[in-house]
Amino acid sequence: MDGIHDMGGTQGWGTVKVPADEPVFGEPWEAKAFAYGALSARLSGQNLDAMRHAIDRQHPHDYLADGYYGRWLACVETMLVDSGVLAPGAVVARARKLRGEDVTEPPDPTPNKPDYQPTAGGSLRQVDTPPRFAVGDRVRTKAHAHAGHTRLPRYTRSHTGTVAAIHPAQVLPDTHAHFVAENAQHVYAVAFDATELWGDGAEPFTLTLDLYDDYLEPVE
Amino acid sequence: MDGIHDMGGTQGWGTVKVPADEPVFGEPWEAKAFAYGALSARLSGQNLDAMRHAIDRQHPHDYLADGYYGRWLACVETMLVDSGVLAPGAVVARARKLRGEDVTEPPDPTPNKPDYQPTAGGSLRQVDTPPRFAVGDRVRTKAHAHAGHTRLPRYTRSHTGTVAAIHPAQVLPDTHAHFVAENAQHVYAVAFDATELWGDGAEPFTLTLDLYDDYLEPVE
Amino acid sequence: MTAITRPPDHPDAALRAEALESLLLERGLIDPKVVDGLISRYENDVGPMNGARVVAKAWTDAEYRRRLLEDGTAAIGELGYSGPQGEYIEVLENTGGVHNVVVCTLCSCYPWPVLGLPPSWYKDPAYRSRIVREPRRVLAEMGLELDDDVDIRVWDSSSEVRYLVLPERPEGTADLSEEELAALVTRDAMVGVGRVTPP
Amino acid sequence: MTAITRPPDHPDAALRAEALESLLLERGLIDPKVVDGLISRYENDVGPMNGARVVAKAWTDAEYRRRLLEDGTAAIGELGYSGPQGEYIEVLENTGGVHNVVVCTLCSCYPWPVLGLPPSWYKDPAYRSRIVREPRRVLAEMGLELDDDVDIRVWDSSSEVRYLVLPERPEGTADLSEEELAALVTRDAMVGVGRVTPP
């Protein structure tokens, strides 16, 4: 999906602010949000790609206003609600109760964990077919995204690059995030010239990103 | 520039909320922000394109959080500061003073209105050269934006469409917003098929937008 | 990421507007009468009732309709409507088979002289982002269901051309006067997110 | 546009985190010891000091360096570093002529086992948006000026591959032990937004 999370090349954000001495967690709740996030796939019966998609789906205003661990907190809630572990509104109701309000909390919903079993741990997989592309091959990225999760950023679509390396095969986030299929496939490091991405006036540099076989088309 | 204002086709915003009975201005300050905005080009010696660019440049978080007239208020301040009518920080200092704080207000800056005179009122102009394209011609939009103001939205770049109408010539926002030149040129209504913009799964419809000659290349 | 927030002393919009006004008045840069006049004009005189009169006239006067579709700016000017954001207005005719709908994805361009200032939904991200990508779904969500065979045309107002939709005249209105017809015409129908319904 | 705000009763993040914890504990879904253990692990044990040891070893052990560049995951594993976000780590070698810098534009992927959790700037929009468009300018703003002839390579972490930059060993450090060298290596140098400076 073309959400606010897809930030590559967008403008208007100002300069990079580097705080002098930064703790790992700025606030105790951020540490908790991190821990629940780290446990969220297990708690919800989902996976890492689904977790990322739960973050993608946050309203852009909240995405920007709440900060990184605010997004984690929200995504844990989304995953638990989607999987029927907690009822919609359960967290807010409990929060209001904790601050002393007289609130009726919603009953627990029917469990609704995805009907899904990973074929192995992690994201790397063995695939039997040989890679479609070799190092040095010219490839073109697809033009369009679907409304679901994807790892093909908007700024790299419809562009031509060169295969720089072949990585281990991995499950495809686009289907894995939605529990449709692991769709394990080859992943290529593809290098793009900056002028291909940003036009003739671009700073000279090379941008490399890791692209799943499904995202690529051969260049004749 | 590829800012938050360029919203066409972005996702994650939820459904369209239509309030039942909406006044023209929700709050008295919104009415004032509108009036100052309507007068801003005159007060700053700038123009309508520069005003739009002052809105484009707002930080994305503020753009989303402050609402439409909040953006107008901010853009008026930006234009007046850029033109040396008000000092940076003058509005906040005055606001703090108005709420009773003991604040030293910054002195007025050196006037810095752009060295710029429109050749006529409004944005329409006569140009002597005939239009480069005719109705029915296939045209392709340019791929890349510069960091300044433009009216070629990101979702329509690098796409092929058909000239549907020739509009009156107009000043080019890309140069006019920066007081570089009016660059008056032909403007074409260009129609794109939805699948060209969004892929094969798109709803069937036609998207037409008005594109300045500079944004277009012929399709052989 | 630390949450992005403004400086803690960032005054609210109402106070900043007051501060700006005070600075401009002090420097003699604005005339309160001009400001109040502008506000009053867009609160009272410039609004969708203007466009509604244009539409009603086009429904009842075939010759006016022809002029309106040929040169919107001039035909609208005949009724006395012109001004900012109306330098060049094109009128889009809805029919049984063609439905036009207007947006401005980059800001919120809108034909002020005939429709006044835009409603909140027209300026909100949801409308601006989605109507150019899934118009049929958005229109349905807004209450306008279109038959599958209707040709949807979306107009993104990316130059200084402004668009006014000429909605279809509803059936059963043959006896109504131009004024009675104008009272039926809604802002939403003239943007293309609704249709005009009989009384 | 009306300002986009959350419902007025939207509790703040600290209270929502507490509420979530209370719901999960009540249902026996989380073990407080596991939660505390996770937090403590990333506050104390997993951080850039791990990557620094990898880098210092590569600087002092040519054979290890070779293995590290050939199979980062395995060579890093030799020092006992592995775990979430470290399933496959590739090491990018900075030289006098080549400068590598790492980002994740879509979220904030980062090689946790060697660098710990990412700093705020790595997760902020400004870095994620700009480093893939104007890296030389961003690096200069962050204090890293690169000669014009340096070949800049930006790596956007879009799959489960994680990247660690192997910075150049600074001059004048021939006498330092591996441990002393490790103390010089900064997180910023291993992301590619800084270089290692001599003591």
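Order of the sequence lines sets the chain letters (A, B, ...), proteins ahead of strands, with each chain counted from 1. Quick caveat: nothing in here was measured; it's all calculated off a predicted structure.
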K.L.:
Who wins among T156(A), D108(A), V85(A) for the most heavy-atom pairs under 4.5 Å with chain D?
P.N.:
D108(A)
K.L.:
Under a 4.5 Å heavy-atom cut-off, does chain A meet the side chain of Y122(D), its backbone, both or neither?
P.N.:
neither
K.L.:
With a 4.5 Å heavy-atom cut-off, do F205(A) and R136(D) have their side chains touching?
P.N.:
no
K.L.:
Heavy-atom distance under 4.5 Å to chain D: side chain of V76(A), backbone, both or neither?
P.N.:
side chain
K.L.:
Output yes when a side-chain donor or acceptor of E22(A) lies under 3.5 Å from a complementary backbone atom of S120(D), and no otherwise.
P.N.:
yes
K.L.:
Between L43(A), T208(A), V24(A), who has the most heavy-atom pairs with chain D when the cutoff is under 4.5 Å?
P.N.:
T208(A)
K.L.:
Could you grab the distance from atom NZ of K17(A) to atom CG of D124(D), nearest 0.5 Å is fine?
P.N.:
8.5 Å
K.L.:
Would you give the length of the straight line joining atom CD of E87(D) to atom CG of L48(A), rounded to the nearest 0.5 angstrom?
P.N.:
9.0 Å
K.L.:
Do R94(A) and P11(D) make a side-chain contact, defined as non-hydrogen atoms from C-beta onward lying under 4.5 Å apart?
P.N.:
no
K.L.:
Please report the closest heavy-atom contact between W198(A) and V132(D), naming both atoms and the distance.
P.N.:
NE1-O, 2.8 Å
K.L.:
Which atoms of L124(A) come close to chain D, meaning under 4.5 Å heavy atom to heavy atom: side chain ones, backbone ones, both, or neither?
P.N.:
both
K.L.:
Which bit of D193(A) is near chain D, if near means a heavy-atom gap under 4.5 Å: side chain, backbone, both or neither?
P.N.:
neither
K.L.:
I need the residue from D56(A), D6(A), L73(A) with the largest number of non-hydrogen atom pairs under 4.5 Å to chain D.
P.N.:
L73(A)
K.L.:
Under a 3.5 Å distance rule, please check whether R128(D) uses its side chain to pair with a backbone N or O of H5(A) as donor and acceptor.
P.N.:
yes
K.L.:
Any idea which heavy atoms bring R133(D) and G9(A) closest together, and the distance?
P.N.:
NH1-O, 2.6 Å
K.L.:
With no hydrogens and no angle check, do the side chains of S159(D) and Q170(A) hold a donor and an acceptor under 3.5 Å apart?
P.N.:
yes
K.L.:
Name the option with the most non-hydrogen atom pairs under 4.5 Å to chain D; the candidates are G14(A), A202(A), P168(A).
P.N.:
P168(A)
K.L.:
Considering all heavy atoms of both residues, which atom of A17(D) and which atom of Y36(A) are nearest to each other, and what is their separation?
P.N.:
O-CE1, 3.8 Å
K.L.:
Given a strict heavy-atom distance threshold of 4.5 Å, which part of V91(A) is in contact with chain D: side chain, backbone, both, or neither?
P.N.:
both
K.L.:
Check whether Y212(A) gets within reach of chain D through its side chain, its backbone, both or neither, counting any heavy atom under 4.5 Å.
P.N.:
side chain
K.L.:
Counting heavy-atom pairs under 4.5 Å to chain A, which of D36(D), T105(D), V35(D) comes out on top?
P.N.:
T105(D)
K.L.:
Is it the side chain or the backbone of V138(D) that comes within 4.5 Å of chain A heavy atoms, both, or neither?
P.N.:
side chain
K.L.:
Kindly compute the distance separating NZ (K32(A)) from CD1 (I39(D)), expressed to the nearest 0.5 Å.
P.N.:
6.0 Å
K.L.:
Is there a donor-acceptor contact under 3.5 Å from the side chain of R151(A) to the main chain of S157(D)?
P.N.:
yes
K.L.:
State, without any angle test, whether D210(A) and Y88(D) hold a side-chain donor-acceptor pair at a distance under 3.5 Å.
P.N.:
no
K.L.:
Heavy-atom pairs under 4.5 Å with chain A: which of A19(D), S158(D), G37(D) has the most?
P.N.:
S158(D)
K.L.:
Please enumerate all residues that pass salt bridge (charged side-chain N to carboxylate O under 4.0 Å, His left out) together with R67(D), with sequence neighbours excluded.
P.N.:
E63(D), E78(D)
K.L.:
How many angstroms lie between atom CD of E77(A) and atom CZ of R16(D), to the nearest 0.5 angstrom?
P.N.:
7.0 Å
K.L.:
For A33(A), which atoms come within 4.5 Å of any heavy atom of chain D: side chain, backbone, both, or neither?
P.N.:
neither
K.L.:
Which pair of non-hydrogen atoms, one from P125(D) and one from L64(A), has the smallest distance, and what is that distance?
P.N.:
CG-CD2, 4.2 Å
K.L.:
Could you look at A31(A) and say if it's the side chain, the backbone, both or neither that has a heavy atom under 4.5 Å from chain D?
P.N.:
both
K.L.:
With a 4.5 angstrom heavy-atom cut-off, which part of L207(A) approaches chain D: side chain, backbone, both or neither?
P.N.:
both
K.L.:
To the nearest 0.5 Å, what is the distance between CG on L29(D) and CG on L39(A)?
P.N.:
10.5 Å
K.L.:
Do you know which two heavy atoms are closest between D156(D) and P153(A), and how far apart they sit?
P.N.:
OD2-CG, 4.1 Å
K.L.:
Which region of R27(D), side chain (C-beta onward) or backbone (N, CA, C, O), has a non-hydrogen atom less than 4.5 Å from a non-hydrogen atom of chain A, or is it both or neither?
P.N.:
side chain
K.L.:
With salt bridge (charged side-chain N to carboxylate O under 4.0 Å, His left out) as the test, would you mind laying out the steps for E203(A) and R130(D) before giving the verdict?
P.N.:
CA-CA 12 Å; E203(A) 281 186 13; R130(D) 295 181 58 208; over 6 Å; no
K.L.:
Which atoms of V16(A) come close to chain D, meaning under 4.5 Å heavy atom to heavy atom: side chain ones, backbone ones, both, or neither?
P.N.:
both
K.L.:
Just checking R66(D): does its CZ atom have more than 12 heavy atoms from other residues, nucleotides or ligands closer to it than 6.0 angstrom?
P.N.:
yes
K.L.:
Taking all heavy atoms of L117(D) and all of Y69(A), pick out the closest pair and write down the distance.
P.N.:
CD1-OH, 3.4 Å
K.L.:
V34(D) versus chain A, heavy atoms under 4.5 Å apart: side chain, backbone, both or neither?
P.N.:
side chain
K.L.:
What residue in A13(D), S129(D), C107(D) has the most heavy-atom pairs under 4.5 Å with chain A?
P.N.:
S129(D)
K.L.:
Given a strict heavy-atom distance threshold of 4.5 Å, which part of L80(A) is in contact with chain D: side chain, backbone, both, or neither?
P.N.:
side chain
K.L.:
Highest number of heavy-atom pairs under 4.5 Å with chain A: which of E134(D), H99(D), E21(D), E18(D)?
P.N.:
E21(D)
K.L.:
Quick one: CG on L23(D) to CD on E105(A), what's the gap to the nearest 0.5 Å?
P.N.:
6.5 Å
K.L.:
For E171(D), is the CD atom crowded, meaning more than 12 foreign heavy atoms sit under 6.0 Å from it?
P.N.:
no
